[in-house]
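If you're wondering where the values come from, they're calculated on a predicted model, not measured in any experiment. So you know, we letter chains A, B, ... as the sequences are listed, proteins then strands, and number each from 1.
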Amino acid sequence: MTPEQLRDLVRTAVGAAVERGTLAVAVPDDLVVERPRNPEHGDYATNVAMRLAKPAGRPPREVAEVVAEELRALDGIDRVDVAGPGFLNITLAQGALGRLAVDVVTAGEAYGRTGALAGTRIDLEFVSANPTGPVHIGGSRWAAVGDAIGRLLEASGADVTREYYINDAGAQIDRFARSLQAAATGQPVPEDGYGGTYIADIAAQVVAVEPDVTGRDEAAQVQAFRERGVALMVDEIRRSMEDFGVDFDVWFSEKSLYDSGAVEKAIGRLRDQGHVYEADGAVWLRTTTFGDDKDRVLVKADGETTYFASDCAYYLDKRARGFDKVVIMLGADHSGYVGRYKALVAATGDDPAEHLEILIGQLVNLLRGGEPVRMSKRAGTIVLLSDLVDAIGVDAARYALARASVDQMIDIDVDVWSRQTNDNPVFYVQYAHARISSLLRNAADLGLPLGEATAVEAGLLTHERENDLLRALAEFPRVVTSAAELRAPHRVARYLEELAGTYHRFYDACRVLPRGDEEVTPLTTARLWLCAATAVVLRNGLAVLGVSAPERM
RNA sequence: GCGCCCGUAGCUCAGCGGAUAGAGCAGGUGCCUUCUAAGCACUUGGUCGCAGGUUCGAGUCCUGCCGGGCGCGCCA
């Protein structure tokens, strides 16, 4: 039995009491059934009586007794105790809990998935690093976390489009193009240009494709380096994302919004809606109407449009593509962007609370040997996502980046991370999976298939460690659901660490396979199912994080 | 100055109003002729930054302070 099923039983019990007239309240729909920390408090506990005490106008413990009485009569419940201030401590009937092992294996990949967001189309934008250089280590966090959030939303049934916004318009792209041109022609790095070694690589690639490029006039050269260079840079970024296990569905060009006239149209639309005005020679969007700190410029006095102007067009484009919700993940260095973006959405006539969600994640702190490293594209002290992957591998990198709350700043010391790969909890989790895989291989070698689900005597799983493991497995769907709701993939990681620990302790205490000439018993089979169920949950959980579940280590 | 985030064990961090606050690492002591020891058991370690408030109950919510990070451009 899962906590969800038990919650339904509790609801049924409350309803029965109301029916009977022993309790005068409305049946709550937000009641909580959870696994108590202390095993003496039963398999599950609920605070429903404490929540109902006030509406019922009776002491919590009295309400608890009433509900407990109804609950005891239900199927699958062994005992119900009233404890403390009014908790109901519930112990499930033999077998009701163990049956979960069979249910999990049967559900397989579907275990933990829900339909909570079925029918919702979500556009999820993350990373979106400028195509003026490779993705550095700061962007790696958003790659790991953003993709995991996408997987979580998908696990909740949402239709997710992963999107990368390519800032291929504007001044920084001009600087990039001029830097390429300078590198190709042997000139020094321009003022405010980019000087990393990758610039020379890209420049050489452009020249390889267009050997005569350096013979053209200045403007034509810069033009060619801009187009070819950006395309090559985007290719490189795409490759590093793919190598990291992140596949974007859409690579959206900012420049295309200008080329198609979408930016002009967006400004026109906002003007028609009465939110645009002119002052000091510039065109402004009156975002203060919608709670922003100050109004924002769309077109500068020199006639150039701002980044914000293309954002207006970009948002409208996303909505026109049919997304119900636009989610954007940004680093804390862009937190000032939230207010104006919400205002923009409101100005278009949408409700920001419904259609927009901006997730802010704290920045990574890059260290080397304990010393802070200041990254500079000019000085070449840039540390790349690929450097991290080369050092510790995709699994370890993704896991380490995703296991921290995005509200928390994290230190990445490539030296330390490289040296201490065995300290990365990912291996603890993966090891549990490899261990089970090995055990199931051995079982197969002994001619011990799992067999028919109906034949499993789940009631035999009565050992304390077995119960711990079953309860942990039962939690998984709730962990996924809440992690998805909170956009907090780190919760899945932390859960997996607990599950792995629970499994290791079970493994230590409960022999699964017969040794020597021992006989195969129904308990052997039941435990095999329990192991298989654990492997399923470890796989499903790791999959949410984009981390592999190895069969051997 | 204003906005957002953080402050929990020696270190790095979990803890979406619940019972005796947890994990990893670091330190100490044990456990492999039997399913993977990348494991397990035991053990050391806490004014949950400080002060008020809200309530049956606060690490969690509110207010004010202290300390740290980020942001407050006709930059991106």
Using atom P of each nucleotide, how far apart are B:G69 and B:U12 to the nearest Å? 15 Å
Quiz prompt | Pair A:Gln172-A:Asn167, side-chain donor/acceptor within less than 3.5 Å | solution = no
Closest non-hydrogen contact found for A:Gly541 with A:Leu496 is C-CD1, 3.5 Å
By nearest-heavy-atom nucleotide on RNA chain B, the more 5' of A:Ala404 and A:Phe308 is A:Ala404
Under the criteria of a ring-centre distance below 5.5 Å and an interplanar angle below 30°, is A:His504 stacked with the base of B:A38?
-> no
Note, RNA chain B 5' to 3' with Watson-Crick or G-U pairs under 3.5 Å encoded as ( ), [ ], | and . gives (((((((..((((....[...)))).(((((.......))))).....(((((..]....))))))))))))....
Taking B:C74, B:A76, B:U36 as options, the one with an atom nearest any side-chain atom of A:Tyr507 is B:U36
| said: Considering every strand and a 4.0 Å limit on heavy-atom distances, what is the contact class for A:Glu551: base, sugar-phosphate, or nothing? | reply: base
Regarding A:Ser405, tell me which of base, sugar-phosphate or nothing describes its non-hydrogen contacts under 4.0 Å with the strands shown. sugar-phosphate
Quick tally for nucleotides 16-24 of chain B: nucleotides whose base has a protein heavy atom under 4.0 Å get B, sugar-phosphate-only ones S, the rest -, giving B-BBB-S--
Checklist line | B:C40 versus B:C61 - spacing of their C1' atoms, nearest Å | finding: 40 Å
Closest to the 5' end of RNA chain B, once A:Pro60 and A:Ala432 are matched to their nearest nucleotides, is A:Ala432
- Message: What I want to check is whether the side chains of A:Asn89 and A:Tyr44 have a donor and an acceptor closer together than 3.5 Å.
- Response: no
Over all strands shown, is A:Asp280 touching base, sugar-phosphate only, or nothing at heavy-atom distances under 4.0 angstrom?
base
Looking only at atom C1', what distance separates B:U44 and B:C11, rounded to whole Å? 15 Å
Atom CG of A:Leu513 and atom C1' of B:C35 are separated, to the nearest Å, by 5 Å
Rounded to whole Å, CG of A:Leu330 lies from P of B:A76 at a distance of 15 Å
Practice prompt. May I ask you to evaluate whether A:His490 reaches the phosphate of B:G15, defined as a side-chain N or O under 4.0 Å from OP1 or OP2?
Written response: yes
What is the nucleic acid contact for A:Ile360, judged by heavy atoms within less than 4.0 Å: base, sugar-phosphate only, or nothing? nothing
Testing B:A76, B:G71, B:U34 for proximity to the side chain of A:Arg511, the answer is B:U34
Atom CZ of A:Phe506 and atom P of B:U36 are separated, to the nearest Å, by 13 Å
Is there a donor in the side chain of A:Ser253 and an acceptor in the side chain of A:Asp168, or the other way round, less than 3.5 Å apart? yes
In whole angstroms, the gap separating C1' of B:G15 from CG of A:Asp407 amounts to 13 Å
- request: Report yes or no: do A:Ser548 and A:Asp395 form a side-chain donor-acceptor pair below 3.5 Å?
  value: yes
Q) Hey, does the side-chain of A:Arg435 have a donor or acceptor N/O within less than 3.5 Å of a partner on the base of B:U36? A) no
(Q) Any side-chain N or O of A:Lys300 below 4.0 angstrom from OP1/OP2 of B:G73? (A) no
* For the rings on A:Trp142 and A:Phe126, is their centre-to-centre separation under 6.0 Å? -> no
Between CG of A:Leu469 and C1' of B:G39 the distance, given in whole Å, is 15 Å
Can you tell me how the ring of A:Tyr507 sits relative to the ring of A:Tyr503, calling it parallel under 30°, perpendicular over 60° and tilted otherwise? tilted
Assigned chi class of B:C32 under the 90° convention is syn
A:Phe427 CZ to B:C25 C1', in whole Å, measures 15 Å
What one should report as the nearest heavy-atom pair of A:Val263 and A:Ser310 is CG2-CA, 4.0 Å
Winner on side-chain proximity to A:Arg441, out of B:U36, B:A76, B:G71, is B:U36
- Interatomic distance at P, B:G3 relative to B:U63, whole Å: 10 Å
note: A:Gln408, atom CD; B:C13, atom P; distance rounded to Å ~ 5 Å
Separation of the C1' atoms in B:U8 and B:C70, to the nearest angstrom: 23 Å
Under 6.0 Å between ring centres: does that hold for A:His463 and A:Phe506? no
**Study point:** A:Ser438 side-chain N/O to B:U36 phosphate OP1/OP2 under 4.0 Å
**Key:** yes
Nearest heavy-atom approach of A:Val14 to A:Leu52 is CG1-CD1, 4.0 Å
- Task: Report the relative orientation of the aromatic rings in A:Tyr194 and A:Phe176; use parallel for angles under 30°, tilted for 30 to 60°, perpendicular for over 60°.
- Result: perpendicular
Looking only at B:U36, B:C72, B:C74, the nucleotide nearest the A:Trp284 side chain is B:C74
Exercise. B:A41 and B:U54: how far apart are their P atoms, nearest whole angstrom?
Worked result: 44 Å
In whole Å, measure the gap between the C1' atoms of B:C65 and B:U29 for me.
46 Å
(Q) Before we go on, tell me: are the rings of A:Phe252 and A:Tyr314 under 6.0 Å apart, centre to centre? (A) yes
Distance test, side-chain N/O of A:Lys54 to OP1/OP2 of B:U55, below 4.0 Å:
no
A:Met409 atom CE is separated from B:G71 atom P, nearest whole Å, by 12 Å
* To do: Write down the distance separating the P atoms in B:U55 and B:U60, rounded off to the nearest Å.
  => 16 Å
Report task. For A:Asp293, report the nucleic acid contact type (base, sugar-phosphate, nothing); a contact means any heavy atom under 4.0 Å. Result -> nothing
